Protein chains: 2
Amino acid sequence: MSAFTSKDVARVAGVSQSTVSYVMSGKRPISASTRDRVLAAIEKLTYEPNAGARALAGRRTRVVGLVVPFGDDADPVGLLPFIETIASSARAHDYEVLLVTNDEGSAGLRRLAGRSLCDAIVMMDIKVHDERVPVAASLRVPVVLVGIPEDPRGLSCVDLDFAAAARMAVDELADTGHDELVVVGYPPPVIERRVNYAERFLHAARARAGARGLPVLVLQPQDGRRSAAAAMAEKILAHGGSGRVGVVVPFTTILRPLLHALGARGVVLGRDLSLIGLSTDAEAEDAEPPFTNISLEPRDVSRRAMASLFALLDPEPGVARPGTDLVLPRLTRRGTVRTTSTRNR
Amino acid sequence: MSAFTSKDVARVAGVSQSTVSYVMSGKRPISASTRDRVLAAIEKLTYEPNAGARALAGRRTRVVGLVVPFGDDADPVGLLPFIETIASSARAHDYEVLLVTNDEGSAGLRRLAGRSLCDAIVMMDIKVHDERVPVAASLRVPVVLVGIPEDPRGLSCVDLDFAAAARMAVDELADTGHDELVVVGYPPPVIERRVNYAERFLHAARARAGARGLPVLVLQPQDGRRSAAAAMAEKILAHGGSGRVGVVVPFTTILRPLLHALGARGVVLGRDLSLIGLSTDAEAEDAEPPFTNISLEPRDVSRRAMASLFALLDPEPGVARPGTDLVLPRLTRRGTVRTTSTRNR
DNA sequence: TTGAAAGCGATACCAA
DNA sequence: TTGGTATCGCTTTCAA
């Protein structure tokens, strides 16, 4: 394949190397005729600029670094839509995406910035106290967090509004006449790692339930597997004798096995028990039965993260300042919440 | 953060810039004392070499390009283990991973190579006739295919041996006394795109079934959703009156809904009907019920792909030549195949 | 509107 | 065992 340089293009087009550069960047007015000659030469030679040389001379790589939670026991499902959306958004701005895995910790961040491998970084799976956040804040490149640490150190954060999600779930159940709440929370490793959204969800759920005068029982599954789901189902049923119970499930991976475990015990959701899950819409639709859900909106979150990243990369005067951007979740009713005659929304 | 260069390191260590370079690369013997001084200076300045400059001068980027099937309707589940394994394998060799999505087609490949963004490429989701393969073969950088096109053009290919998987499934069912086979195949888009593994699996299944004297019915689900699964369940049951039927399901995403649909119709797998799925072990274990599966081995496949990639990157004399590397699948029995008294393996 | 030339920060050759 | 320096391919002043 070609190994032509901008010098070759210049020669073919009969112009100087700098003119070739300016034609490509548009940073200088060029007469129509020379531009055409240059473009023709580029076409003819199938010239592609050398990324390394460009990065060296121009001090920008046109690469965004993406730190993803691999290897961790973080919810692996639902990661793809994030990566996918970030990748396509990057491409739409003519940026490449460099993948770094979480298990490298802050070393990955230092490498990314120190070696000038990228112009900006998106970091996912933020913990409440995250050792990487202060490091990220000290880098020469802007960093956008998908998730909210306790102290963002002035970094931009984007995430679903998990507190609002919790309030939506509690309100929906309170409004439909339920008088008791069970939250099937997060497994021990998630809690121990102090994943930020888990805490935000649980705190807000407790607070709202208190405000609405509903007692809450928070259960903790061991993990997202069948046995854990079966145990949860038993606890819910043992607990739920007294009244009209609404179950809230923010931990995505336990949803399917839990639905199965409840079904196997003869429970009909929407009749014997109400359930709201926090999940993508696709998962809620395809589950058996389809359940009322509050959407995680991974695509929206990713898009907004990339938007603030690009805002940081070329700071439009008077516009973006870093801050926290919370995406509002959306509740979709699919019949797993029993409604009374008093309310019918 | 630091923005030190190797020149700074040289100054602090009291040596020349080239000595710093040689200390880092080890391409030249260095006296212990100077090496120590240089390393101390590097440490002190937290020096990191500029990737662009390195790529430019050294003509190698230490980046591998990874082309993943986003946006396509290719099975999104099971993609993560591939990416994850490739990423960690790359890191183990001190390479970065640049993500390119499939929907860019061969343009992405040309960019990767043309701009010298990477030293080698891993490409997934190969079709039988894949327009990208001839392009890949014409690049200046080595390309490893995860999947097998009809004409690999001399490129290295690594994949699960889907033909062997099909034969294993057929043999297992034949050996256990089944006298009829139903294959719940791939949905129309997969067939139309001529995804290579789908064809390999179906051809081999038909051939082996013929050799074993078993009639085969190949069904085609519309997609991987509940309604499609329900339709499949009906067809299987309508068909299966006459004898002992064994069902083979190579399309991963339909497995869960199909299991549910069968269960809802009162079918007990391993008693009324036998089923073997092609899926990761995790999925087979966690399903309801857990099913006998043939593993997709994404981690093995990825590891071997990276192994041949690194073999291409520094060609050990007398070792690697490009070729096709098929990973043997593994069958794990989980009780969804009914066994006769005549065989008990 | 265009060109010449000085870097950008490494690598690796040629000498010593 | 080490240092000087040309070079990689592009961007961006500075001059014209």
Side-chain angles (χ1 to χ4, degrees), chain A residues 1-39 41-42 45-63 94 111 113-119 140, chain B residues 1-39 41-42 45-63 94 96 111 113-117 119 140:
Chain A
M1 204 73 264
S2 72
F4 291 114
T5 72
S6 67
K7 204 174 259 172
D8 297 313
V9 174
R11 196 176 22 73
V12 170
V15 299
S16 77
Q17 199 183 12
S18 59
T19 296
V20 174
S21 176
Y22 285 118
V23 166
M24 298 203 70
S25 69
K27 290 186 179 173
R28 183 198 243 189
I30 302 279
S31 76
S33 75
T34 54
R35 174 193 287 102
D36 288 348
R37 286 201 331 277
V38 170
L39 291 178
I42 288 175
L45 302 182
T46 65
Y47 165 72
E48 300 251 21
N50 179 295
R54 228 180 201 190
L56 182 56
R59 300 97 191 291
R60 48 208 243 102
T61 60
R62 297 205 76 89
V63 171
D94 200 36
R111 213 178 57 244
R115 303 194 166 185
S116 297
L117 280 162
C118 62
D119 298 336
R140 296 169 305 155
Chain B
M1 205 71 262
S2 72
F4 290 114
T5 72
S6 66
K7 202 174 262 170
D8 298 314
V9 174
R11 195 176 22 73
V12 170
V15 298
S16 78
Q17 200 182 10
S18 59
T19 295
V20 174
S21 176
Y22 285 117
V23 166
M24 297 205 72
S25 69
K27 290 185 180 174
R28 182 199 243 186
I30 302 279
S31 75
S33 75
T34 54
R35 173 193 289 101
D36 289 348
R37 289 207 322 282
V38 169
L39 291 177
I42 288 176
L45 303 182
T46 65
Y47 164 72
E48 300 250 20
N50 180 295
R54 232 179 196 191
L56 183 56
R59 290 108 189 292
R60 46 207 244 103
T61 58
R62 299 206 76 90
V63 171
D94 200 36
E96 308 290 337
R111 212 176 58 243
R115 302 194 166 186
S116 297
L117 280 162
D119 297 335
R140 295 169 305 156

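In what follows, chains carry the letters A, B, and so on, assigned in the order in which the sequence lines appear, proteins first and then strands, with residues in each chain numbered from 1. Quantities reported herein were computed from a predicted structural model and do not represent experimental measurements.
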Legend entry - Straight-line distance of A:Arg54 CZ to A:Met24 CE, nearest 0.5 Å: 5.0 Å
Legend entry - B:Arg115 side, atom CZ; B:Thr61 side, atom OG1 - distance, nearest 0.5 Å: 14.5 Å
Minimum-distance nucleotide (side-chain atoms of [X] versus [options]):
{"X": "A:Ser18", "options": "D:dT5, C:dA4, D:dG9", "result": "C:dA4"}
{"X": "A:Ser21", "options": "C:dT11, D:dT11, D:dT2", "result": "D:dT11"}
{"X": "B:Ser31", "options": "D:dT12, D:dC8, D:dT1", "result": "D:dT1"}

Legend entry - Phosphate contact (D:dT11 OP1 or OP2) by A:Arg54 side-chain N/O below 4.0 Å: yes
Between [X] ([atom1]) and [N] ([atom2]), how many Å, whole number?
{"X": "A:Leu117", "N": "C:dA10", "atom1": "CG", "atom2": "P", "result": "12 Å"}
{"X": "A:Arg115", "N": "C:dC8", "atom1": "CZ", "atom2": "C1'", "result": "18 Å"}
{"X": "A:Arg59", "N": "D:dG9", "atom1": "CZ", "atom2": "C1'", "result": "15 Å"}
{"X": "A:Asp8", "N": "D:dG9", "atom1": "CG", "atom2": "P", "result": "9 Å"}
{"X": "B:Lys27", "N": "D:dT1", "atom1": "NZ", "atom2": "P", "result": "18 Å"}
{"X": "A:Asp36", "N": "C:dT1", "atom1": "CG", "atom2": "C1'", "result": "15 Å"}
{"X": "B:Arg60", "N": "C:dA10", "atom1": "CZ", "atom2": "P", "result": "16 Å"}
{"X": "A:Lys7", "N": "D:dC10", "atom1": "NZ", "atom2": "P", "result": "10 Å"}

Legend entry - Nearest heavy-atom neighbours spanning B:Val12 and B:Ala41: CG1-CB, 3.7 Å
Inset, instruction - Would you name the heavy atoms of B:Ala51 and A:Leu117 that are closest together and state the gap between them? - result: CB-CD2, 3.5 Å
Is there a donor and acceptor pair, one atom on the side chain of [X] and one on the base of [N], closer than 3.5 Å?
{"X": "A:Gln17", "N": "C:dA4", "value": "no"}
{"X": "A:Ser6", "N": "D:dG9", "value": "no"}
{"X": "A:Tyr22", "N": "D:dC10", "value": "no"}
{"X": "B:Arg28", "N": "D:dT2", "value": "yes"}

Legend entry - Closest-nucleotide ordering on DNA chain C, the 5'-leading residue of B:Thr19 and B:Ala53: B:Ala53
By the 4.0 Å heavy-atom rule, please label [X] as base, sugar-phosphate, or nothing.
{"X": "A:Thr5", "result": "sugar-phosphate"}
{"X": "B:Val20", "result": "nothing"}
{"X": "B:Thr34", "result": "sugar-phosphate"}

Inset, instruction - Ignoring hydrogens and angles, tell me if any N or O in the side chain of A:Arg140 forms a donor-acceptor pair with the backbone of A:Ala113 under 3.5 Å. - result: yes
